[in-house]
Structure formats: C-alpha cells, structure tokens
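First up is the structure itself, then whatever we jot down about it.
Numbers restart at 1 for each chain; the letters A, B, ... are given by sequence-line order, proteins then strands. We use all heavy atoms of the structure for the numbers below, so side chains are in, but hydrogens, waters and symmetry mates are not.
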Amino acid sequence: MIDLKTHLEHRVAAALGDLDPAQRDALSLMPPKNREHGDIALGCFQLAKLRKAAPPQVAAELAAAFEPDDLIESAEAAGPFVNFRYRRAALAQSIVESVLRDAAPFGRAAATDTSIVIDFSSPNIAKPFHMGHLRSTVIGAALCRIHRHLGATVHGVNHLGDWGMPFAKMMTAYMKWGERDKLDANPMRYMFDLYVRYGKAAKEDPSLDEEAAQHFKALESGEENAEREMWRFLRDESLKAFQGPYDRLGVTFDHVTGESFYEDKMQPVLERYEKAGVLVESDGADVVDLKEFGIKVPCILRKSDGTTLYHTRDLAAVFYREQEFDPTRILYVVGAEQKLHFQQLVAVLEKIGDPIAKRVEHVPFGLILALNEETGKWEKFASRGGNAIFLDEVLDEAVAGVRKIIAEKNPDLADADRVAEKVGVGAIVFNDLKNGRVKDVKFDWSAMLAFEGETGPYVQYAGARLASILRKSDAPEDPDALLEGVDWKLLEDAAPVLLTMQEFGPAVVRAAKESEPSVITNLMLRIAGEIHSYLREHHVLRAEPELRNARLALVAAAKRVLATGLGLIGVAAVDEM
RNA sequence: GCGCCCGUAGCUCAGCUGGAUAGAGCGUCGGCCUCCGGAGCCGAAGGUCAGAGGUUCGAAUCCUCUCGGGCGUGCCA
C-alpha cells in the first residue's frame, strides 16, 4: 500500500537537501484552495523565513530540483506555492486499494497506548430526555467511535445525574403526587409532568425545596430508608425509559456510572483537600479558594448542611478515572454554559498539584434554541415551562417524513419501515453534527425534516446509488478479486472523487484532536457530492469491460468510505432507500 | 458590573489555527431523466466577512476598542 502524501513529503524533503527539524515542520502539504492549481500544494512561507529567502524563490528552487517519479507527475511553482500533481494511476490505486483492503486511515488503526475517557450524554435522569440531551449524546458517541478508529482505548462513560438536588426534587414530587399506573403508562412523559408540576409548586411554596433538601440529606446519610428505596425505584424506571432513545441512536456506553456511584468516594476527596490545607470554611460551607487562578468564585465542596455537590462528585470521578483508566485525556462533553464549572474543576485539581488537571478537557457545545414566535427571537428552551420537545417525537416525525417519501419514490422497497428508521434518525443525528460544536443550534422543524441538500439522506443516497450499481453488476465482493488486473490509468477522470476521499485520514485526526465531529460530517457531504457528480457523467455498467472493472473498484471503495465516515458520526449507511 | 462564547450571501452555515479569486445548502431564476436511483446533476443572481484601529510580505482568521446577540457569575447541575 502506498501512502502518496508520505511519499511526497519524503521526496520534497530530499529535494530540499539538508533539513533541520524546524524546516521539516514547515513542510505542511495541503490541498490547494482551487483544485485547478494542483492536487496538493506547499506554501513556502515558513520555509522561506527559515532559509532567509523570498518565498517565490524557494518555491521556484524546489520545483526545479524536484524530479517526477512513478507516483508524482509534476511540481510547479506558482508564486510562493509549489503545486504537485499525482500520477492519476497512482492516485487511484493508492486510494482504492487502501480503502478496500481496510488499511488505515480508512480502516481502523492498530491499537495505540492512548486511553481516553469520554464523559457524555450524562442526562439528569430526573428530567425527560429532550432535544437538549441529543447534542451531548451524539457528539460524545461520535468522539468515542473516532478515537477508537484511531486505535485508542476508549472508555465511554454515562455519568448519570442520579444524585443531588434535581433528583431529590423528583423524589419529593413522586412521594407527594406519584401514581404508579401513570408512571407505567408513559414513564418519560409522566416524569416530565411531575417535573413541571414541582417547578410550579416550588415557585409558590419555597418550603418545597427545603423538603427536597431534607430528602437529599436523608438519602446521603447512607441509611436504608424511604428515600433510598424511592431513589432506587426512580432510578430504575428512568434508566428503562432512557434506553429507548439510546437504542434508536445506536449509542452504547462502556460504563454507566452515575453520580450516585461516587457516593462512598467523596469523603476521601474531602479528606484529601483537608489534609492539603486548602479546604476552608466559608459561611458554614467548605470551599476551595481559586483567586490565584483568576477565578473569583470559590469552589464549594460541602454545603452548609453537610451534603455534597456536583463538584465534589466530579472530583471523586476524576480520581476514580485516573486510577482505573490511566487516561491520557478525559473529555467532558457538556454544554458551554458549564464552562466555569470545568475551569473550577481544573483549578481545584491544580490547587493540590495533581497532574491529572492537565488531562481534563471540557468539550463544550452550544445551546439548542427555539424560535419565540411572538418576539421573533431565538431563545433557550424553557423546559421548566413545560414546552420541551422530546427526542422521540422528533425522531418519529423525521422517520414518518422519510417513510412518506419512500412511499412516493420507492414504493416497492422491501423493509421500508426499517430503512425509514435508519434514514430518519440519521437525518437528525447528521443535522446535529453538521455544524461546529460550539455554535448554538436553532431548532427548526423544517431543518429536521429536510432530506435534500446538505443532509444525512443526501449522503446515504449517494451510498445507495453506489450499492445499487454494485448489486446490478457481477463484481466480486472479495477485494483481491475485485482489484485484480485493474488498469488504474482508466480512473483518470475520477481524480476529484479520489482527492476528496484522500482527505479522510486528516479529517479523522483533526476531528479527534479538536473534538469536532463536524469535520467528518462536512467531508462526507463533499465526498457524496463528488460521487453524485461523477455518476452523472460516467456510466459504470455500460462501460467497456476494462473501464467497467476499474470503475466498479472505485464504486466499491467510495461506498466503503461513505459507510465508514457515516459510521463514525453515528449514521447508518443503507443499500436501498 | 465582571468573565466567556458568537456575529461571513435574504435564511442556515463551511472556511483545515495567517496564505492563491471568501465557498456550500435552502430559497429565487434558468437548464438536465429513450442512459447504472431526479432524496440527484449543471448554471445564474446574491458579500463593506458587524464596525473602527493595529500587527506584516499577506487578516474572515491574531491583538485592542466599539456595537449587536447569547451564556455564566458559592451552597442547582
């Protein structure tokens, strides 16, 4: 298997003569802005600086010194750039073979010694699973798959919110008003109703919150009491209800260790901080001062009533994960509005000089906004107001929309319901992972139910077209048989598709590094676009035998790349739709 | 008040950590199925990259300020 880019890097380095490490680092080959310039380009700016020469001059010298070979056709200087062009046959062979033989980066990389903990989804299970939970869930699940693809050992953790005040409030509500049969009928909906009811009642009668606090204290006492029993009951019911959305999204966890898991691991944390002499009393609470880190608000580890908080549990979780998983990174896929919380968490860890502090990374994401029809402004969802949108409703709508289109366009499709589920759910997931993580997402039914243009179905459709061609051909499934005797020169006109496919590896690496799945989502759109264009102009099945064989190999490879990429972001590929 | 995030085409967004002529989708307008799937393809119109300074060979990208929008700001998570 030939890696063209690596080969080119070596050739460039050789052409430049002796290179010190700094100059070697300055060799960043990247796709040119405009494909007409070349297949890949080198901007000579940094290199010129290091060599104390003008960029155009360095570019001209490099281009002149560069000899074409079996893989590289040409090197041309264009101002400060050198534009390289791969030999078409080499390009096609390199990409298609790598893909079909499942070589990295298209296939999973060999195991590395990196261990990554990803804390994601982590819903507060005393609340309904609504659109707001979708983001953490799909981003986190995508990051798990991406890192695994790159050979890391991944520990995907669902850090359930099954402890603390929100849970105590739900407990209080259920103890007061709970009806078993209503809960059984529709757990998600009923808990939501209780949640809203509690919110309204607490607004009028603040003593309700005090009652909840007392229940929490009783729960945290560790005794086997009514609170403990209720906690267990509600936790089990919630988990059951949550499994539905997780199954539909195809999301799994390696560990489901909620906040309650750390119940017996918080005391040691408090003792550790006490021993370090950084835990001080303030207004009856035990806090860690963080002014030296530029954080004005101290971090409270124990409330004045003696109970613990989010921070206390998160610290216990960090220490636990450090010990159990020896992670190189711990990612927290949590909303951007909790940025301060994680800054505090890191600072509190640094306060006692624990090196794990540098491995803790908050992976923030934007809010989901709803359009306020009256003001015309985009606003944060007010779930306490009772207008939350349940994830299941959205998925159902999308699936129904897809089902309708299938009925119109492909009425004979076998298994239409199953396909509609994949495409509908895929559309929602894809839509969520399409844009940069940190930006707020405007919840818009028309965007959710769009299946044309930059959408999941657009990419799935490209895959289905490829699958359809393969189905109608007699192409062997076995890669060796498929690749045998292919004349790669015949794929000259597929360069745009191939060059885009070539970006797959860097895209996955970047997505992992920046915790940004949208890098992959956007590449999938580009690859799908190239395929749609290519198929319009180049017929496969009717082509002459030699050409047909070459194109079938390309089709199989393109289909595989789409399926892999979609798989990484959690969208299913379909052969028919 | 202070801190952080965002501001790119009518709308929704890309723009690979400073590089070549700022790109897509939706919408609008105009083309394309006797041909492997039209959930598609090709084209047109549409820009003071919020504004003003600065840094340098070069800025949508980095720095400062201003204006908009959002989030956060000890006993919730």
Problem set entry | Geometric class of the W445(A)/F443(A) ring pair [parallel <30°, tilted 30-60°, perpendicular >60°] | perpendicular

Exercise. Where the side chain of P166(A) is defined as all heavy atoms beyond and including C-beta, which of U73(B), A77(B), C41(B) is the nearest nucleotide?
Worked result: A77(B)

Exercise. Is F81(A) stacked on the base of A20(B), with ring centres under 5.5 Å apart and planes under 30° apart?
Worked result: yes

Exercise. Looking at G74(B), does its base get a donor-acceptor pair with the side chain of S282(A) below 3.5 Å?
Worked result: yes

For this session: May I ask you to say what K434(A) touches in the nucleic acid, namely base, sugar-phosphate or nothing, with a heavy-atom cut-off under 4.0 Å?
Result: nothing

Exercise. Can E516(A) and S518(A) be counted as having a side-chain donor-acceptor contact under 3.5 angstrom?
Worked result: yes

Exercise. Using a cut-off of 4.0 Å on non-hydrogen atoms, how would the nucleic acid contact of M165(A) be classed: base, sugar-phosphate, or nothing?
Worked result: sugar-phosphate

Exercise. Touch check for I300(A), heavy atoms < 4.0 angstrom, all strands: base, sugar-phosphate only, or nothing?
Worked result: base

Exercise. Starting at CG of N34(A) and ending at C1' of A20(B), how long is that distance when rounded to a whole Å?
Worked result: 9 Å

Seminar exercise, completed: Taking for E537(A) and for N522(A) the nucleotide of RNA chain B with the nearest heavy atom, the one nearer the 5' end belongs to N522(A)

Exercise. Using centres under 5.5 Å plus planes under 30 degrees as the test, is F45(A) stacked with G19(B)?
Worked result: yes

Exercise. Any idea which of A20(B), G37(B), G15(B) is nearest the R510(A) side chain?
Worked result: G15(B)

For this session: Show your working on salt bridge (charged side-chain N to carboxylate O under 4.0 Å, His left out) between R471(A) and D575(A) and close with a plain yes or no.
Result: CA-CA 9 Å; R471(A) 205 162 43 236; D575(A) 282 351; 5.3 Å; no

For this session: Verify salt bridge (charged side-chain N to carboxylate O under 4.0 Å, His left out) between E361(A) and K513(A), making sure each step is shown before the conclusion.
Result: CA-CA 11 Å; E361(A) 286 175 55; K513(A) 193 171 143 208; over 6 Å; no

Exercise. Side chain of R536(A), base of C32(B): donor and acceptor closer than 3.5 Å?
Worked result: yes

Exercise. Side chain of H539(A), base of C35(B): donor and acceptor closer than 3.5 Å?
Worked result: yes

For this session: Round to the nearest Å and state the distance from I295(A) atom CD1 to U73(B) atom P.
Result: 13 Å

Exercise. R465(A) has a side chain; which of G38(B), A14(B), C42(B) sits nearest to it?
Worked result: G38(B)

Exercise. Between H341(A) and Y310(A), what is the ring plane arrangement, given parallel below 30°, perpendicular above 60°, and tilted in between?
Worked result: parallel

Exercise. Is the aromatic ring of H37(A) within stacking range of A20(B), meaning centres under 5.5 angstrom and planes under 30 degrees?
Worked result: yes

For this session: Assess whether salt bridge (charged side-chain N to carboxylate O under 4.0 Å, His left out) is satisfied between E292(A) and K351(A), documenting all intermediate values.
Result: CA-CA 9 Å; E292(A) 64 198 275; K351(A) 184 94 175 186; 2.5 Å; yes

Exercise. Is there a donor in the side chain of H532(A) and an acceptor in the side chain of R465(A), or the other way round, less than 3.5 Å apart?
Worked result: yes

For this session: Compare the minimum distances between each of C5(B), A20(B), G40(B) and the side chain of V438(A), then state the nucleotide with the smallest one.
Result: C5(B)

Problem set entry | N-O pairing of D205(A) and K200(A) below 4.0 Å | no

For this session: Measure from the side chain of E454(A), starting at C-beta and using heavy atoms only, and say which of U8(B), A24(B), A77(B) lies closest.
Result: A24(B)

Problem set entry | Rounded distance in Å - CD (E281(A)) to P (G74(B)) | 18 Å

Exercise. What is the nucleic acid contact for E503(A), judged by heavy atoms within less than 4.0 Å: base, sugar-phosphate only, or nothing?
Worked result: nothing

Exercise. Which part of the nucleic acid does P298(A) contact within heavy-atom distance under 4.0 Å: base, sugar-phosphate only, or nothing?
Worked result: base

Exercise. Where the side chain of Y461(A) is defined as all heavy atoms beyond and including C-beta, which of G38(B), C75(B), G15(B) is the nearest nucleotide?
Worked result: G38(B)

Seminar exercise, completed: In terms of heavy-atom contacts, S260(A) and W163(A) come closest through CB-CE3, 3.5 Å

Problem set entry | Given C75(B), A77(B), C16(B), the nucleotide with the shortest approach to the side chain of R313(A) | A77(B)

Exercise. Just checking V287(A): base, sugar-phosphate only, or nothing, at a heavy-atom cut-off of under 4.0 Å?
Worked result: base

Seminar exercise, completed: Output row for RNA chain B, stems defined as at least 3 consecutive Watson-Crick or G-U pairs under 3.5 Å, is B:1-7 with B:67-73, B:10-13 with B:23-26, B:28-32 with B:40-44, B:50-54 with B:62-66

For this session: Would you indicate what G164(A) reaches in the nucleic acid, counting non-hydrogen atoms under 4.0 angstrom: base, sugar-phosphate, or nothing?
Result: sugar-phosphate

Exercise. Once you round it to whole Å, what is the distance between P of C6(B) and NZ of K339(A)?
Worked result: 8 Å

